[in-house]
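Worksheet: the structure to be examined is printed underneath.
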Amino acid sequence: MSMKRLMTSVMAGGLALMMTVPAQARDFRLGLITPPPHRWTQAAEAFAEDVKQKSGGEHSIAVFPSQQLGNEAQMVQQLQTGALDMAFLTVAEISNRVPDFGALYAPYLVDNIDQAAALLKSEAATDLLNQLPSEAGLVGVGYGMAGLRQVMSRDTLEGPSDLEGKKLRITPFEPIRDFYKATGAAPTPMPLPAVYDALANGQIDAIDMDFDSILIFKFYDRSDKMLISNHMMFPMVGVVSGRVWKDLSKEDRKLLQTSMRAQLDAVIDHFQALEKKQEEELRGLDITIHEATREDFADAIAEWEGIWSEKAPSLPKLRKAVAEIKGS
Ligand code: BEZ
C-alpha cells in the first residue's frame, strides 16, 4: 500500500476506532540510537514512566537505546510496518526520506542555540511534521534537539580551508554531506555509536559533533583540535508508527502526544540551558581551539544553497520564522 493510501486509512480507521473501541492495555516499544547517559535516552525513560503512571499502569513503554533495534533507517522501516511503535529519531534520517526537512539543516539558519530552540517550537517548524504521515508513514509528535554542530580533528584546524581532503565523519544524511563536500572535505557517513572507535583506529581524521556528545563520549581524547563553528542545528523528532496510531483510542493518542511533547520540550530546554556551560567546560580542557563564522564558510554555504533551495521548499518559511524570532 502506498504511504498516502496508508495514511488515509490510518485517519479513517482512527476515527472509526475512536468511536467504537475502549482503551486497551498496550506494551509499547520505543527505539533510539543514543546510549543511556544521553539526555535523549533519559527523556525516553521519563516519557515511559509518565505514560505508565498516567494510564494507571495500563500501558508500558520499553525503551531500547544504543541502536539495540537497529540503526535509524532500520527503525524507520520497523515503524512503517508497525513492528516498532515509537522512536526518537535524528531529523537526519527523516530528511533522507522527506527532503523538505533538509531546510532545518541550512548552514547558519540560526545564529545560536536560543534561536534554534525557538525555531523548533515555532509553527513554521511544527508545520513540517504534517508531511510525515503521507510521506513516511509516521506521526510526528514534536521536536527535541542536541547542541549546535562543531568540528573536531586530530590535525590542526584553524579554519574551513584545513578541512580540505580530511576524512570527516558525518551523521548519515544528505544536507550535511553536501555542506562538507562543498568545503573540500571527504564526508564519511557513520552513526554516533561507531565514532569513537573510528577515530581511535584512524579510519577518520575529523568529526562533525555537538559539545554535549564530545563531552559524553570524550571524543577529545582522540581528536584534540576543535573548530567552534556553530554551523548547523541538530533537531530530533519524536514519532509514532502510523500503523500503530490508527489503532489507538482518542484518549491514548492524547496521552502519548501530551506526555511525549512535554519530554521533547524538556530536551530542548536542557540543551538550550547547557550549551554555554558545555563550551566553557571544553575550553577548560587541553584542546586547541579555533573559531569559524558564517563568513568563513561563505563559499560552501553558497554551494549548499544551490542544491537545497530547490529540494527544501520550506526554507523561506523557516528563514522568515527566524527573522521574527530575531526581531522579537
Ligand atoms: C550524531 O549523529 O552526531 C548524534 C546523534 C544523536 C545525538 C547526538 C549526536
Side-chain angles (χ1 to χ4, degrees), residues 30-45 47 63-76 86-96 101-102 104-105 107 113 116-117 120 142-153 166-180 185 187-199 203-220 222-223 226-239 263-264 266-272 274-275 278-279 282:
L30 183 152
L32 71 172
I33 63 163
T34 51
H38 195 275
R39 186 65 184 82
W40 293 5
T41 311
Q42 292 167 1
E45 299 285 3
F47 164 57
V63 175
F64 294 86
S66 309
Q67 296 200 139
Q68 281 174 34
L69 301 178
N71 61 31
E72 290 198 331
Q74 290 163 332
M75 280 194 274
V76 170
M86 302 172 220
F88 285 179
L89 300 169
T90 65
V91 165
E93 182 53 32
I94 296 289
S95 73
N96 289 337
F101 276 79
L104 292 167
Y105 294 112
I113 198 78
L120 290 173
Y143 293 103
M145 71 175 182
L148 299 180
R149 305 305 284 184
Q150 322 294 343
V151 195
M152 293 214 74
S153 167
K166 283 215 162 47
K167 278 169 75 180
L168 191 151
R169 176 271 168 176
I170 54 164
T171 312
F173 67 107
E174 292 174 16
I176 202 158
R177 179 204 61 193
D178 291 342
F179 174 68
Y180 277 113
T188 309
M190 188 176 286
L192 181 66
V195 175
Y196 191 90
D197 287 350
L199 265 180
Q203 195 187 337
I204 47 173
D205 308 312
I207 60 174
D208 179 273
M209 197 55 67
D210 61 290
F211 290 143
D212 180 68
S213 300
I214 293 167
L215 285 165
I216 292 180
F217 296 98
K218 296 191 169 38
F219 289 131
Y220 49 81
R222 299 289 170 181
S223 53
M226 181 159 65
L227 188 65
I228 297 187
S229 50
N230 296 315
H231 54 273
M232 231 172 240
M233 57 179 202
F234 201 74
M236 170 263 264
V237 61
V239 296
Q263 291 305 328
L264 295 172
V267 167
I268 291 182
D269 297 344
H270 169 89
F271 279 95
Q272 190 178 359
L274 281 199
E275 184 91 338
Q278 290 173 332
E279 178 177 343
L282 282 162

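Counting starts at 1 for both ligands and their atoms, following the listed order. Just so you know, these numbers come straight off a predicted model, no measurement behind them.
- Under a 3.5 Å cut-off, the side chain of Gln74 and the backbone N or O of Asn71 do form a donor-acceptor pair.
- Below 4.0 Å from some heavy atom of Ser213 lie the following atoms of ligand 1, by number and element: 8 (C), 9 (C).
- One N or O on the side chain of Gln42 and one on the backbone of Pro37 form a donor-acceptor pair closer than 3.5 Å.
- Within the 4.5 Å cutoff, no side-chain heavy atoms of Met236 are placed close to those of Thr90.
- With a 4.0 Å cut-off on non-hydrogen atoms, Met145 does not touch ligand 1 at all.
- Atoms of ligand 1 found under 4.0 Å from any heavy atom of Arg149, numbered from 1 in the order shown, are 1 (C), 3 (O), 9 (C).
- Close contacts of ligand 1 with Thr34, meaning ligand atoms under 4.0 Å from a residue heavy atom, involve 6 (C), 7 (C).
- By the criterion of a heavy-atom distance under 4.0 Å, neither the backbone nor the side chain of Met236 is placed next to ligand 1.
- The atoms of ligand 1 that sit less than 4.0 Å from any heavy atom of Met209 are 3 (O).
- For the residues Thr171, Ile214, Ile176, the heavy atom positioned nearest atom 1 (C) of ligand 1 is part of Thr171.
- Thr41 places a side-chain N or O within 3.5 Å of a backbone atom of Thr34 that can act as its donor or acceptor partner.
- Within ligand 1, the atoms closer than 4.0 Å to a non-hydrogen atom of Arg169 are 1 (C), 2 (O), 3 (O), numbered from 1 in the order shown.
- Residue, atom and distance of the protein heavy atom nearest to atom 4 (C) of ligand 1 are Phe234 CE2, 3.6 Å.
- A donor-acceptor distance shorter than 3.5 angstrom exists from the side chain of Trp40 to the backbone of Met145, with no hydrogens or angles considered.
- The backbone N or O of Tyr220 sits nowhere less than 3.5 Å from a side-chain atom of Ser223 that would complete a donor-acceptor pair.
- Aromatic ring centres of Tyr105 and Phe173 lie closer together than 6.0 Å.
- Under 4.0 angstrom from ligand 1, there are no non-hydrogen atoms of Glu93.
- At a heavy-atom distance under 4.0 Å, no atom of Val195 approaches ligand 1.
- For ligand 1, the atoms closer than 4.0 angstrom to any heavy atom of His38 are 7 (C), 8 (C).
- Which parts of ligand 1 touch Trp40 is read off a 4.0 Å heavy-atom cut-off, strictly below it: atoms 6 (C), 7 (C).
- Counting heavy atoms from C-beta on, the side chains of Thr171 and Arg149 come closer than 4.5 Å.
- Of the residues listed (Gln150, His231, Met232, Met152), the one engaging Asp208 in a side-chain contact (heavy atoms from CB on, under 4.5 Å) is His231, and it is the only one.
- Heavy atoms of Asp210 found under 4.0 angstrom from ligand 1 belong exclusively to the side chain.
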